[in-house]
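Worksheet: one structure, shown below.
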Amino acid sequence: MAVRLLANEVSDLCIGKPAVRSLPLSAAAGDLAAALRRGPQQAAGGAAACVAVVGPGRAVAGRLGLADVLCFLCAAPGALAHPTAALSKPASALLPKDGAGEVRRVDPRASVLEALDAVLSGAQVLAVPLRSGGRRKQLGGGGGGGGGGDYCWLTQEDLVRYFLNSISLFSHVAGRSVSSLGLVRADDLLTVRPHEAALSAVPLLRRAISTETAVAVVDDGGHLVGEISPALLASCDETAAAAIATLSVADLMAYVDYFGAPPEHILRAVKAGLKSKGLDAMLELVENEAVSSFAFSSSTSSSSDDEAHGRAARLRRPSSGSYGRRSTEEPVVCSPASSLVAVMMQALAHRASYLWVLDEDDDCRLAGIVTFADVLTVFREQLQ
């Protein structure tokens, strides 16, 4: 029965999926950031908040999100000192040189098993070709490695949801704990301390992007106090690079949590840090953004008419992300004793591609992480 389940076509998982937004490799990084601000902000693993970067024949060369732009601004030589020049660089300069976060093209007629093997062999996301006409699935054929036209993303989340819908076929493992299944990974956790410079977390953030995870923020006692995730950074804009360059990890979490209206003392710290480092061009960019945000806020709050005020409250400046505190964005956690099916349901409910594991027998210290990739290995092993 399970074998027949995996023989279904990839196209069955892509029904109703929209075409991926795309930009050419030659598009400027600033244009990429603008395109990302105009699109959907959240998804498991950031899939919907990413743009496909395409080369000749519209072959997908990779995918990029706001976190990639921020890492580029913080890590590329001279980028913080000359942000305008850095944002004029082509999107190709933002793609990882080591192939991390690989995007792999999959024929829509491929089996789910083939898609599963592609993900478990290193593909972060799969690009499935679409066509404008045809049968009810609206997915076209065409094999090979090139190919033009539009694509949709097939993610790890899609595969996990597919198996959860047929979890009764795997009842012998569904109720087992993630610990007994060996899914709790503690040896390669990405962690930083709250007092550390946020800039030091950029290499870890790049690894988190490529592994569909996040950077855990832990105190000296090993307790999870927060996270820096690509999904949360997707609600920011380019000026968040200034916060990363100047703040501590703890202050960066507050900055992102209140992005659009961060506490005044954090804004002062960002500006003072930029000034002390001689990053005048970035400081000017931040100040111009602050003036624009203030002007927008003033213009939308000047009317006393309730209906007009309601309309204004629903407006959003495209370049300013989400306003106010996102209090619901807390790290998603589980226990080593949590069952496989419980972890799947929890992760899917929160649109998270990973769960932090807290050990209740050890004062709820961070014990490891369980990812969608880990979960998918269990189902692949059942078919050996």
Side-chain angles (χ1 to χ4, degrees), residues 20-23 25 29 32-33 35-37 39-53 60-76 79 86-87 89 91-104 119 121-127 153-157 185 188-192 198-217 226-238 240-241 243-245 249 252-253 256 259 321 329 331-332 347 351-356 369-374:
V20 174
R21 294 170 296 152
S22 63
L23 287 174
L25 284 166
L32 168 67
L36 289 163
R37 291 195 301 265
Q41 294 297 303
Q42 296 284 346
C50 290
V51 170
V53 182
V60 178
R63 68 168 182 164
L64 295 170
L66 242 306
D68 295 288
V69 176
L70 295 175
C71 286
F72 176 73
L73 285 173
C74 291
L87 290 170
K89 296 288 186 181
S92 57
L94 280 64
L95 293 173
K97 303 299 187 293
D98 58 359
E102 177 188 358
V103 175
R104 196 173 302 176
V119 167
S121 65
Q124 184 189 52
V125 68
L126 305 178
W153 292 138
L154 185 66
T155 66
Q156 294 177 7
E157 178 193 9
R185 290 190 289 111
D188 57 351
L189 281 177
L190 306 175
T191 62
V192 291
L199 196 59
S200 67
V202 171
L204 298 180
L205 181 58
R206 279 183 157 169
R207 287 177 56 191
I209 294 170
S210 66
T211 57
E212 302 268 336
T213 57
V215 180
V217 181
E227 67 179 9
I228 303 174
S229 71
L232 284 179
L233 291 176
S235 64
C236 298
D237 65 17
E238 306 91 306
I244 297 174
V249 168
L252 176 63
M253 286 194 296
V256 174
F259 188 76
E329 298 294 349
V332 186
R351 303 302 304 277
S353 58
Y354 57 90
L355 269 68
W356 302 110
I369 189 173
V370 175
T371 70
F372 274 164
D374 299 323

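Between Val217 and Met253, some side-chain heavy-atom pair lies under the 4.5 Å cut-off. Residues Trp153 and Val103 form a side-chain contact, since some pair of their non-hydrogen atoms from C-beta on lies under 4.5 Å apart. The closest side-chain heavy-atom distance from Leu64 to Val69 is not below 4.5 Å. Contact check for Asp374 versus Arg185: side-chain heavy atoms found under the 4.5 Å cut-off. Taking the side chain as every heavy atom from C-beta outward, Val125 and Leu154 never approach each other to under 4.5 Å. Looking at Tyr354 and Val332, their side chains never come closer than 4.5 Å, going by heavy atoms from C-beta outward. The shortest distance between side-chain heavy atoms of Leu25 and Leu95 falls below 4.5 Å. With a 4.5 Å cut-off on side-chain heavy atoms, Leu73 and Glu238 count as touching.
To the nearest 0.5 angstrom, Ser210 atom OG is 7.0 Å from Gln124 atom CD. From Ile244, atom CD1 reaches atom SG of Cys71 across 6.5 Å, with rounding to the nearest 0.5 Å. Atom OG1 of residue Thr191 and atom CG of residue Leu204 lie 7.5 Å apart, to the nearest 0.5 angstrom. Taken to the nearest 0.5 Å, the CG atom of Leu232 stands 6.0 Å off from the CD atom of Glu227. Thr211 OG1 to Asp188 CG: the interatomic distance, rounded to the nearest 0.5 Å, is 8.0 Å. Residue Ser92 holds its OG atom at 12.0 Å from CG of Leu23, rounded to the nearest 0.5 Å.
For the salt bridge (Lys or Arg N to Asp or Glu O under 4.0 Å) test, residues two or more places apart in sequence or in another chain that qualify with Arg104 are Glu102. Not counting sequence neighbours, the partners of Ala67 by the side-chain contact (heavy atoms from CB on, under 4.5 Å) test are Ile209, Pro230, Leu233. Checked against ring pair (Phe, Tyr, Trp, His ring centres under 6.0 Å), Phe72 has no partners two or more places apart in sequence or in another chain. For Ser22, the side-chain contact (heavy atoms from CB on, under 4.5 Å) partners at least two apart in sequence or on another chain are Ala52, Val54, Arg58. The side-chain hydrogen bond (donor to acceptor under 3.5 Å, both in side chains) test applied to Ser229 returns no partner, not counting sequence neighbours. Applying the side-chain contact (heavy atoms from CB on, under 4.5 Å) rule to Ala373 yields the partners Gln156, Thr371; only residues at least two apart in sequence or on another chain are considered.
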Determine, stepwise, if the pair Val119 / Phe372 fulfils side-chain contact (heavy atoms from CB on, under 4.5 Å). CA-CA 10 Å; Val119 167; Phe372 274 164; over 6 Å; no

Is there a side-chain contact (heavy atoms from CB on, under 4.5 Å) between Val60 and Val53 once you walk through the steps? CA-CA 6 Å; Val60 178; Val53 182; over 6 Å; no

side-chain contact (heavy atoms from CB on, under 4.5 Å) assessment of Leu70 paired with Val202: CA-CA 9 Å; Leu70 295 175; Val202 171; over 6 Å; no

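When all heavy atoms of Val192 and Val215 are compared, the closest pair comes out as CG2-CG1, 3.9 Å. Taking every heavy atom of both residues into account, Leu252 and Ala198 meet most closely at CD2-CB, 3.7 Å. Considering every non-hydrogen atom in both Ala241 and Cys74, the closest pair reads O-SG, 3.7 Å. The two residues Leu36 and Arg21 make their nearest non-hydrogen contact at CA-NH1, 3.9 Å. Ile369 and Thr213 make their closest contact through CD1-CG2, 4.0 Å (heavy atoms, listed as atom of the first residue, atom of the second, distance). Annotation for Ala86 and Ala79: closest pair CB-CB, 3.7 Å, computed over non-hydrogen atoms.
Salt bridge Arg207/Glu212: absent, no basic N to carboxylate O contact under 4.0 Å. Of the charged side-chain nitrogens involved, none lies within less than 4.0 Å of a carboxylate oxygen, so that Arg37 and Asp237 do not count as a salt-bridged pair.
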